[in-house]
Structure formats: structure tokens, C-alpha cells
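Working notes, structure below.
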Amino acid sequence: AEGPATLVADRVELQRGDLLVATGAVEVLYQGSRLRAARVSYDGTAGTLAIEGPIVLTEAGGGTIVLADAGELSSDLREGLLQSARMVLDRQLQIAAAELRRVGGRYTQASRVVASSCRVCAGSETPLWEIRARRVIHDAEERQIYFQNAEFRIAGLPVAWLPRLRMPDPTLERATGFLMPVMRSTSGLGFGIGTPYFIRLGDTRDVTLYPFLSTKGARAFGLRYRQAFANGEIELTGTTAHDGLVPGQRGHATAAGRFDLGRGYVLRFDAETVSDRGYLADYGLSDTDRLESRVSVGRIRRDEYVMARLVHFHSIREGEANNSLPAVVGDVDLRRRFALPRGMGVLGLRLQGGGYSASQQVAGAGLRRLTIEADWRRDWLLPGGLLAAAELRASADYYRYGLGSGALGRSARVETPAAMAELRWPWARGRADGGVEVIEPVAQLVWSRSHIQGTVPNEDSRLLEFDEGNLFAFNRFPGAERREQGTRLNLGLGYSRLTGEGLSFGGLVGRVLRADDRGQFTRASGLGGARSDWLVSMFVSTPGGLAVQGRVAFDDQVELSRSELRLRLERSRYGLATAWVWAAADAAEDRLRETSEWVVDGRWQMSSTWAARVSGRYDLAADRATEAGLGLEFANECLRVDLSLSRRFTSSTSVRASTDFGLSVDLVGFGAGSAAGPAGRACRG
Amino acid sequence: CGFAPAYGPGGAGAALHGAVRMAEPRDENAWELVVRLEERLGRAAAPRYALDYTVTTEKIGAGITPSRAITRYTMTGAATFRLTESATGTVVAEGRVEGFTGWSATGSTVATLTAEEDARVRLMRILADRIVTRLLATGAA
Amino acid sequence: QGIDFNGLQHDSTQPIEITAERLEVSQTDGTALFSGEVLVVQGEARMTAGSLRVTYATDSRRIDRMEATGGVTFVTPTDAAEAQGAVYAVPAGELVMTGEVLLTQGRSAIAGDRLVVDLDAGTGRVEGRVRTVLQPRDGTGRD
């Protein structure tokens, strides 16, 4: 042992025979480890410390603390024996033993052991769970704990017995071994247990295996592989299953990754595939109804946007045939912006090429499009606080698409010049309480007219929306195949108030007045007619944690086209998030029945350890529940139990109504996985 | 009644217009946010202020039919912003704004894809507009 | 190996020699005050001090007690102890040093506020916030 240990005490007696007896707040320090005791006698010749408790031995870094009544240690505190000791790892896991032997400063052997991370109160000696073992060895270097003849007890009752058991100590992040089992019962699969097993492959790779068996004969196996590279990472997952629900082998696979290609370019990919429509729902893997696989390479910097992208769709939606949908969409999008000198405004150039594979509308090889667009915008500060802005835009779209058997037989060309003039006149006022108010009227006149040669199918511009985001927009069609036509006046009045105490609320009212009704828009979008619907939006957020946002669009007869209200309340003891979404029925938007749905998600922290969750989704139009869920969570300093019950009322040929029950138990203190909850009940008395 | 034009003499708008440099965008959200912020606050030839921001969005399925089809989506977004005076580094204004947009998923895959992208652009414009309104309100002068 | 007091073991019955620059003898209480470079020699042990008050036994021939102040060192062939002050009760063979006591012995050292040594038995005690180094025995320890 190199280097001397230092001893500090109130009194040191030097006796014959090379014996030094220290008493009164004795401390022995050796390279970061610190021993505190009532009495220490140091035998100079043997180099050993005989110690009388209460002993507190703290390892370097404070990770491990050993408490004992008496013992004998080498002067470097690395070897020796402690009686009736308690070893506390990472302030969580406690190993109590009649005898604790320290070997080489690395191993700690304990005999007649009780290990638990639960608080043991003086009154009641039995912790919530404990592992009793004849012998336990803790390897501080490998950070593993080896139990021999281990008996697992819950509330004092022996539940399981294992001749050998190895568990990671609380500080170990990635250790090969079994993770906590997860129990899941569903109507379709019956009661099942999954026992994930994690395999660490060095510092940059790992594999997690996930076998799952259930009472109704479901046998499933999952695998997740992760690898980190110097310039990126990938994650591959896959599951395969054989169950009574669908004959034959079922499964799904996903691959995701991200790589820095240098000079700011990033490659991203995210792909998924599944064997049959109901698989993801049956195994609770995801709620998606259309699988979207993407790969993209691009770079985004100031004034420069470069992105190449390919997207593949696979619908698992009931009654939606994949051959009727364009499965592949791809495009390259280059955008540059230039600030013109002497405040002459900003010039934007865009070149976009791409297309999609065949669909119901476009046969053969689908559609290809090249779009060239130039945009110039400039503003002026006018006297009286008026802010004026003008914008010119010209775009040219060139189409080639298939019709009937012709692969790319048809072509079309669309040139669309557009111009805009805008006036803003915001007024601000300070309030007595230190708050501020802003009122902002805005008027915008827009003109645009497309010159169309040939006919252009409409696949990408069918789903219209009307909100504050496009009240003052040049073109409200989402895609390129349709561009907004005619002369229109966009009017809006915004109000916003921020009080001294941090309450903020506000809103906007807007409308679009058109010179003529060209029937460009669907009725349910709210944009139809010579005069669009009234657009009214509001938001409120209070320092107390309440945030409400809403938007509604209705015509002069107060017929709603769209409406959405979102409320969120965050308090320490409880939280509530609820939303109401409403959209009018409109065949042009393939919505034959109005959408009216109410969603609620509540959380209530009943006590420091118990929390309840409730969630629900109700289809007001069909007047029936879609989903309901209950969750109960217990978390204290040594145990996390998560119970969840959810009911899915939907039913279709491929996706059955199902009740899912999930239970996961996690012993805190083994492995650095789950964080401990607040300490449970304080020891009374 | 105490109201004064924000772009009038001494107003916050006049002080900020053409004087704010936005933090460099690194992803789709930031690109659209900066485009709209520059439309509202002008391009800064000689910037006196720097505007930093972070944007988070969440895509939430809605309008779920009895056969589990997701017919509508809502994208909620939140942006935190901080306006500092470049020379001194003092924080002139900071805060957090929220917004949401929605789109239908009843159409084909291409129609839903462009509807989602348009919803993202609109959400960034809403967040940018609300940031500018807060800047006009808190008064940079 | 640690500190011990074999080195301080010392026959306190040996004759004591005291030298100093000045000496004042007080008839009234039978004490003598040495001052200026005081040196006390007893056998192999030496003690230096700023000033030394010596009180004699009633038959005023043998030294009963010495009180040294003004920075004291007590040195034997193997050990050295220093402190601000010291009291040596000669017949009892007890040396008490107080004030920033530092006892060194080869490579070992022990520091504290107060050192009490039984010179005849070669045992001692250090008190106050005592600090010492537990030098691991590496074969060169003094026997």
C-alpha cells in the first residue's frame, strides 16, 4: 500500500510495544477513503487498526458506505473484517451482515446477509422486499453482487429461492443480464410474461432479447440491436410471433439511424414493416395505421436549405388497399435566400423536383413534377407606426404523369405569378400592474392567377386547413398541384395581454374576402365561398399552470367547419390534459361523417408514493368510447410497481376490441435503471 | 387611452425592426420559424439584437374511428425565445409561447403527407407571430 | 511503524545542568529564573527554552520542578518534541508540553495541543485535535 494513512483524533495515547490508541472522534483517511470511529488502536508493527464502533467507512467518491459496530482493518482500510456491518451502495441498496470481510480493497464478502433497498424502521423490522443469503460477494471493480443461497422475501414471506444469483450494483449502467420481467394480459393473447435479457457488446453496441409467452399459446421473440458510431448511431428492432389470432408466423421490423456525413450534411433513415394489419395493435407495439418509412439526406443552414428525401407508405388501415395509394414519394428541395443590399428586401429562390408512384388518380408510373419559384419581399416603416410590406412571387410547375397504360404519357405546365401588399398597425400600451397590451390590425391584399396548359391531377392539395398560420399566406393549398387563385383581402385583428403576475391571454379574429368565388376550396375547410368562415382563436396561460388554447371557424350562419379546444393543467399534486376536436363532414375531404372527439388524460399524485392515471377517448359523433385507460403507480425508495388497464373499444376485422392489463415490477437498487421514488413513509417514532 | 403605435417613435417595433439577427436554423422547424421571424422583424443589416430560440413539437393522433383509423392529427408546438442586446449581452426579453395546428388524414398518403408538412409550416408561423407580438409587448426600447 | 516513547524513556534521577545568559534568584519563594538561551542538560536529554523558572525541593538542593516558556524543545538522541511551553516535574519524571505540540521520531510525527509523557515508563499521551501519520511498516522501522 503506497502512501501513509492519516489519523486525526481528540486524544492519542502512545503505549509501549508500538501501540497507538486514539479516542474521541477518530478519523483515518487514506486516498479518499475515510473511516470514522469512537476508538482506534493502531499496532505499528502489524500495521493494523483495531476499531470500536460506531464505525462509518466511506469509500472514495462516497459511492459505498459501510457501517459497523467493531472490526479490524489494515491501515490502508483495504483489508480486514467488520462485525455486524451494514454496507450501503449508492445510498440505495443496503447489505446487512453479521460479518463483512474486505479483500484487496475490491471485494467485500458478507455472511448471513439481508439485502434490501427498502427503508427499515425501528418499529417494524421487515422491509417491503429483501434478499436473504448465506453469502454475498460485492465486486467493486466489476460492480456486481453475487448472492449464494439467496431467498427472496416480500414483506417477510419467502417467495423464491435461488442457489446462485448475480445482480448489478446500483451504479452499473449497462450490464449484461436479465432485466425486470413484464407481465401483460390482453383479450387476444391471454396472460403473458416477457423476460427481457440485455447483452452488452462493449461500449458502443448492445443487444436486448425479449422472449414472450402467453397462456393462449402466443410465443413471441423480440430483438433490439443498437450501435453507436463515431459519426452516428443505428437501432434495429424486430419481433416474430406465433399465436392463435392469425395463422402462420407474424412479425414486424424497424430500422432507424442518423449519420453526420460531414460539412453539415445529415443522413437519417427510419423504416418499419409489419406482417399483417392487426399485429402492431395485438402486441401493443404502436397505434399507427399507416407505416411511414423515410430516408433523407440534407443540410439546413442560414439562408440555405438542401434536402433529398424518399418516403414509402404501407397502409394497415382497415379497408384501405395499398395499391390504391401512392406508395413511394420522393423529392429534392433546394432553397436559397439572399438579403438584398441597402434594405431592398429579401430574394428567395427555390428549385424542387420529385414525384410519387401510381395512385387512384394517376396511373402508370405516377407523377413527376419540377417546380421553379422566385420570391421577393420588402417592407417599409411608414410614419404613424404603420408597417407596410410587399411581396412578388412567380412559380412554374412542370408535370409529367401517367394515365391509363401510358407510363408518363401526359404533361402539363402551370405558371403562377402572385403579388401581395400588407399593412400592419400594432398599438401597445403599458398597464398599471406592469403588464402590457398589444392590439394589431392587419390587412393584406393578394392577387394570383395561374396559366395552366394541360390538366393537372390533384393528389397533394386535397386536405385544406384554415388557421392563423395561413390567414396571411400566399397560397393555402398544402401541395403544389393547386395554387390559390384570384384577388382576396385577408383581414385580421390580433389582441394580446401580458399581466405583471405572468398571466398571458389573447386571440385573433380573421376573415378572407374574395373578389369572386372560384369554388377552389372544400366547404369543410372554412375557406370556401366569396367570404371565408370567421376564424376566431384564443389562448390563455396562467402562472398557476393552466394553459388553454382554442380555434373555431364558422360561417355567417354560425355553421362550424372546424373547431379545436385544448386545455392543460399542471399542478404538483395533479395534472389534467383534455382536448376536443371537431371537423365537419365533407365528401371532398373523404370525411363522410363529422369528426367529434373528446380526449382526457388525468394524473393524481394521491400520496408521496401512490399515483393514479386515467385516460379516455370518446367519439361524440358515434356517441361511444374509443379507448379508456386506468393506471396505478406505486413508487417508493425501493420498489416501483406499474399497473395499467386499458380497453380498446374499436373493432374491425383485423383489429379486435381488446382489454390490456400490464404489470411491471422494478426493484430499485439493482442497476442504474429506474430512479428511486421519494422515500416512503417516514419512520414514525 | 395610453396606446401608442409599436412602430411609432420610441416604440418597441421601431427599435427592433431590421435590428435583430436570428440564431442560425439547424432543422425544418427552425428554418420555417426564422423565415417568418425575418418576414416580421426584417433582415438585420447591422444587427443590435440577437434572438435565440428553441422549438419543440408533438404530433398527436385524433379522430380515431371504430376501425382504428386515425383521421386527424394535431401538432402542438412550444417555443422559448430570448432577445439579448449583442453589445452588452443583457437580456431584453425572454419567454415561452405555445400553439397548435391540425390536419386531416382522410386523404391519400401523398395528400396527408403534404397536409402534415403544411401544418408544420403554419405552426412555425403561429409561434413566430406570437414571439413577435411578445417582443412588441415587452418593449425593447 | 508508529510513534512510541521508548526514545523518550529517560532516567530523571540523573544530575541536571542548566546554563543561561541571566539568572535571578528569589529568596522569598526559593525559585530561580533563568532567561536568555536557556539550556538544560540531563543525561542524553536536552531542553532549550526562552526562559525557565526552577523551583527547588524544600531542602533547596534538588530541583523539584521546572517551568519553561517562550518556545521549548525537548530532544533525545532519537526524538524531538517542541511546543510553546513545558512543565517538568522532576521527581515524578513527568513532562507536560502545551501549545502547538509537535513530536517527531524518524519519519513519524504527531501533532496536538498537549503532550503528557511519563519519562520513566516511556509512555505518553497527546490531546487536543491530534494528527499523526500511520507510517506503514516497510522494514526500515526503528527497533
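Hydrogens, waters and symmetry mates are skipped; everything else that's a heavy atom, side chains included, is used. Per chain, numbering begins at 1; letters A, B, ... match sequence-line order.
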- Note on the structure: In terms of heavy-atom contacts, B:Phe100 and A:Gln549 come closest through CD2-OE1, 3.4 Å
- A:Leu463 to B:Ala115 - nearest heavy-atom pair and separation: CB-CB, 4.1 Å
- Message: Between B:Glu98 and A:Arg568, does any side-chain N to carboxylate O distance fall below 4.0 Å?
- Response: yes
- Residue, of B:Gly102, B:Gly13, B:Ala128, that accumulates the most heavy atom pairs under 4.5 Å with chain A: B:Gly102
- Task: Take A:Met307 and B:Trp31, measure what side chain to side chain contact (heavy atoms under 4.5 Å, CB included) needs, and give me the verdict at the end.
- Result: CA-CA 12 Å; A:Met307 190 63 69; B:Trp31 170 268; over 6 Å; no
- Query: In terms of heavy-atom proximity below 4.5 Å to chain A, should B:Val121 be classed as side chain, backbone, both, or neither?
  - Reply: neither
- Using the side chain to side chain contact (heavy atoms under 4.5 Å, CB included) rule, take B:Glu39 and A:Val346 through it: C-alpha gap first, then chi angles, then the decisive distance, then the call. CA-CA 9 Å; B:Glu39 275 179 14; A:Val346 176; over 6 Å; no
- Under 3.5 Å side-chain donor-acceptor pair for A:Glu459 and B:Ser108: yes
- Could you state the interatomic distance from OG1 (B:Thr109) to CG (A:Leu291), rounded to the nearest 0.5 Å? 12.5 Å
- Query: For B:Pro5 and A:Gly385, which heavy atoms make the closest approach, and how far apart are they?
  - Reply: CB-CA, 3.8 Å
- Query: Heavy-atom distance under 4.5 Å to chain B: side chain of A:Thr626, backbone, both or neither?
  - Reply: side chain
- If you tally heavy-atom pairs under 4.5 Å between each of A:Val438, A:Leu387, A:Leu471, A:Leu464 and chain B, the highest tally belongs to A:Leu387
- Task: Output the distance between atom CD1 (B:Ile64) and atom CZ (A:Arg648), rounded to the nearest 0.5 Å.
- Result: 10.5 Å
- Task: Could you check A:Ser504 against B:Arg134 for side chain to side chain donor-acceptor pair (under 3.5 Å), going step by step and ending with a plain yes or no?
- Result: CA-CA 10 Å; A:Ser504 86; B:Arg134 288 286 284 277; 4.7 Å; no
- Looking only at A:Leu386, A:Asp287, A:Asn458, A:Val329, the option with the highest number of non-hydrogen pairs under 4.5 Å against chain B is A:Asp287
- Note on the structure: Between B:Thr106 and the options A:Asp590, A:Thr595, A:Asp586, the side-chain contact (heavy atoms from CB on, under 4.5 Å) test singles out A:Asp590
- Residues that A:Glu437 engages under side-chain hydrogen bond (donor to acceptor under 3.5 Å, both in side chains), provided they are two or more places apart: A:Arg429, A:Arg431, A:Tyr495
- Item | Steps toward side chain to side chain contact (heavy atoms under 4.5 Å, CB included) verdict (A:Ile439, B:Phe3) | CA-CA 9 Å; A:Ile439 292 179; B:Phe3 273 101; 3.8 Å; yes
- Item | Spatial distance of atom OG1 (B:Thr114) from atom CG (A:Asp460) [nearest 0.5 Å] | 5.0 Å
- Item | Toward chain B, the part of A:Glu594 with a non-hydrogen atom under 4.5 Å | neither
- Task: Working to the nearest 0.5 Å, report the span between OG of A:Ser537 and CD1 of B:Ile126.
- Result: 7.5 Å
- Item | Over 12 non-hydrogen atoms of neighbours within 6.0 angstrom of CH2 in A:Trp425 | no
- Among B:Asp27, B:Ile70, B:Thr112, single out the residue with the greatest number of heavy-atom pairs under 4.5 Å to chain A. B:Ile70
- Query: Which region of B:Arg26, side chain (C-beta onward) or backbone (N, CA, C, O), has a non-hydrogen atom less than 4.5 Å from a non-hydrogen atom of chain A, or is it both or neither?
  - Reply: both
- Item | B:Arg122 portion near chain A, given a 4.5 angstrom heavy-atom threshold | both
- Can you name the nearest heavy-atom pair linking A:Arg593 to B:Pro66, along with the distance? NH2-CD, 4.3 Å
- Task: Please look at A:Ala621 and chain B and tell me whether the side chain, the backbone, both or neither of the residue comes under 4.5 angstrom of a heavy atom of that chain.
- Result: neither
- Under 4.5 Å to a heavy atom of chain A? For B:Ala69 that would be both
- Note on the structure: Of all heavy-atom pairs linking A:Arg617 and B:Gly61, the shortest is NH1-O, 3.5 Å
- Message: Within the 3.5 Å criterion, strictly below it, is a donor on B:Thr101 or A:Glu465 matched to an acceptor on the partner's side chain?
- Response: no
- Message: Do B:Asp118 and A:Phe477 make a side-chain contact, defined as non-hydrogen atoms from C-beta onward lying under 4.5 Å apart?
- Response: no
- Task: Would you mind reporting whether B:Arg125 and A:Glu468 have side-chain heavy atoms less than 4.5 Å apart?
- Result: no
- Query: For chain B, which of A:Asp303, A:Val266, A:Ile300 has the most heavy-atom pairs under 4.5 Å?
  - Reply: A:Ile300
- Query: Salt-bridged, A:Asp289 to B:Arg68, with N to O below 4.0 Å?
  - Reply: no
- Task: Identify which of A:Glu564, A:Glu627, A:Arg335 forms the greatest number of heavy-atom pairs closer than 4.5 Å to chain B.
- Result: A:Glu564
- Among side-chain atoms of B:Thr76 and A:Arg566, is any donor-acceptor pair under 3.5 angstrom? no
- Message: With a 6.0 Å cut-off (strictly less than), is the heavy-atom count around CH2 of A:Trp598, excluding the residue itself, greater than 12?
- Response: no
- Message: Can you confirm if the NZ or CZ of A:Arg424 lies within 45° of the ring axis of B:Tyr7 and under 6.0 Å from the centre of its six-membered ring?
- Response: no
- Note on the structure: Cut-off 4.5 Å, heavy atoms of chain A, and the answer for B:Glu117 is side chain
- Message: What I'd like to find out is whether the side chain of B:Glu32 reaches to under 4.5 Å of the side chain of A:Tyr305, using heavy atoms alone.
- Response: no
- Message: I need the A:Asp619 CG to B:Thr65 OG1 distance, nearest 0.5 Å.
- Response: 8.5 Å
- Answer with side chain, backbone, both or neither: which region of B:Thr133 has an atom nearer than 4.5 Å to a non-hydrogen atom of chain A? both
- Query: Heavy-atom distance under 4.5 Å between the side chains of B:Arg43 and A:Arg378, does that happen here?
  - Reply: no
- Under 4.5 Å from a heavy atom of chain A, the part of B:Ala105 involved: both
- Query: Which pairs, with at least one residue in residues 14-25 of chain B and sequence neighbours excluded, count as a side chain to side chain donor-acceptor pair (under 3.5 Å)?
  - Reply: A:Asp379-B:His17
- Item | Residue A:Arg551 versus chain B: region with a heavy atom under 4.5 Å | both
- Item | Max heavy-atom pair count under 4.5 Å with chain B, selected residue of A:Arg301, A:Arg462, A:Arg591, A:Glu589 | A:Arg301
- Residues B:Ala62 and A:Glu597: closest non-hydrogen pair is CA-OE1, 3.3 Å
- Task: Measure B:Leu123 against the heavy atoms of chain A and call it side chain, backbone, both or neither at under 4.5 Å.
- Result: neither
- N-O pairing of B:Glu38 and A:Arg377 below 4.0 Å: no
